[in-house]
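Working notes for the structure below.
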Amino acid sequence: MEKSSGKKNTAVLISGRGSNLRSLIKYSKTKKSLIKIVLVVSDNFNAKGLSYANKSNINNISIKYSNKKIFEDRLLKLLKRYNVDLICLAGFMKILSGSFIKKFYKPILNIHPSLLPKYKGLNTHNRAIQNKDKYSGATVHIVNEKLDSGRIILQKKVKILKSDNGKSLEKRILKIEHKIYPKAITRLLTNY
Ligand code: GAR
């Protein structure tokens with residue numbers, strides 16, 4: 001059970017690498033942070049990102065994703081137990097159900113590697129390059145029951161270079177993701 005510290009108790013959900021988790025942990029340790037990360041949950045027991053939670057002594061739990069209902073029921077119990085006020089999806093690659101979102105009844109944020117509403121779903125960087133877009137970018141948005149469709153909190157553009165391939169663009173956008181996720185959290189929690 002986590003005591004209130006004036007900061008919002010936050011759970012970060014991951015599936016893999018965890019570089020956004022790492023940046024959120026870094027932010028959460030700053031004076032100006034409005035969140036305390038009380039829990040990290042992964043649907044993947046081998047997620048590399050779990051090591052960042054371990055290094056910072058943050059409770060972390062992997063839940064086997066056998067089916068959506070069982071996963072979400074277990075997740076809801078954990079969120080209650082840790083008094084979680086805010087969920088940040090950080091490379092969490094499962095879609096949360098409308099029923100879960102209603103039951104949690106508090107904000108859920110997601111970071112997505114495109115300029116939404118363009119390129120919902122997967123393979124965003126290659127799709128932007130193939131369409132010869134001049135810009136791509138990253139978006140932090142509220143999660144609702146439709147994929148990558150909730151209210152946008154913050155978005156930042158990245159120029160697509162002639163020399164770019166999916167990998168190089170991903171790398172530049174990831175750097176931007178690490179900057180805008182903490183800013184979006186501040187924006188959400190202070191309503192500015
Ligand atoms: C990030 O680029 C994030 O925007 C993306 O997965 C990557 C996770 O990287 N999320 C999605 O595509 C969700 N639809 P990370 O594990 O290093 O943070």
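The analysis underlying the following values was restricted to heavy atoms, covering all of them including side chains, and did not include hydrogens, waters or symmetry mates. Just so it is clear, the structure is predicted and the values come from calculations on it, not from any experiment. Each ligand, and each atom within it, is numbered from 1 in the order the structure gives.
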### For atom 2 (O) of ligand 1, closest protein heavy-atom neighbour
Glu177 OE2, 2.9 Å
## Note on the structure
atom 8 (C) of ligand 1: closest protein heavy atom, distance to 0.1 Å, is Gly91 CA, 3.6 Å
### Region of Glu170 engaging ligand 1 - heavy atom pairs below 4.0 Å
neither
### Task
Return the residue, atom name and 0.1 Å-rounded distance of the protein heavy atom closest to atom 14 (N) of ligand 1.
His112 ND1, 3.3 Å
### Message
So for ligand 1, is Gly18 a polar contact partner (N or O within less than 3.5 Å, distance only)?
### Response
yes
### Message
Tell me whether Lys94 at atom NZ has more than 12 heavy atoms from other residues, nucleotides or ligands lying less than 6.0 Å away.
### Response
yes
### Message
With a 3.5 Å distance limit and no angle check, can you tell me whether Asn60 reaches the backbone of Ile58 through a side-chain donor-acceptor pair?
### Response
yes
### Task
Applying side chain to side chain contact (heavy atoms under 4.5 Å, CB included), name anything that partners Lys8, two or more places apart in sequence or on another chain.
Thr10, Ile35, Asp85, Leu189
### Within-shell test, Lys48 vs ligand 1, heavy atom, strictly < 4.0 Å
no
### Task
Look at the side chain of Ser136 and the backbone N and O of Ala128, then say whether any donor-acceptor pair between them is shorter than 3.5 Å.
no
### Message
Using a 6.0 Å cut-off, check whether atom NZ of Lys179 has over 12 heavy atoms from anything other than its own residue.
### Response
no
### Summary
In this structure, atom 12 (O) of ligand 1 is nearest to the protein heavy atom Pro113 CD, 3.4 Å
### Query
Of all the atoms in ligand 1, which lie at a distance below 4.0 Å from a heavy atom belonging to Ser19?
15 (P), 16 (O), 17 (O), 18 (O)
## Note on the structure
By side-chain hydrogen bond (donor to acceptor under 3.5 Å, both in side chains), Asn165 pairs with (sequence neighbours left out) Ser168
### Query
Are any of the heavy atoms in Gly49 under 4.0 Å away from ligand 1?
no
## Note on the structure
The protein heavy atom nearest to atom 7 (C) of ligand 1 is Arg17 NH2, 4.0 Å
### Message
Testing the basics here: between Gly98 and Glu145, what is the closest heavy-atom pair and its distance to 0.1 Å?
### Response
CA-CB, 3.8 Å
### Message
Check this for me - ligand 1, Asn110, N or O atoms closer than 3.5 angstrom, yes or no?
### Response
no
### Message
Yes or no: does Ile111 have any heavy atom under 4.0 Å from an atom of ligand 1?
### Response
yes
#### Entry: salt_bridge(Arg17, Glu170) N-O dist < 4.0 Å
yes
### Query
Is Thr124 touching ligand 1 with its side chain, its backbone, both, or neither, if touching means heavy atoms under 4.0 Å apart?
neither
### Task
Indicate yes or no for a side-chain donor-acceptor contact from Ser33 to the backbone of Thr30 under 3.5 Å, with no hydrogens or angles considered.
no
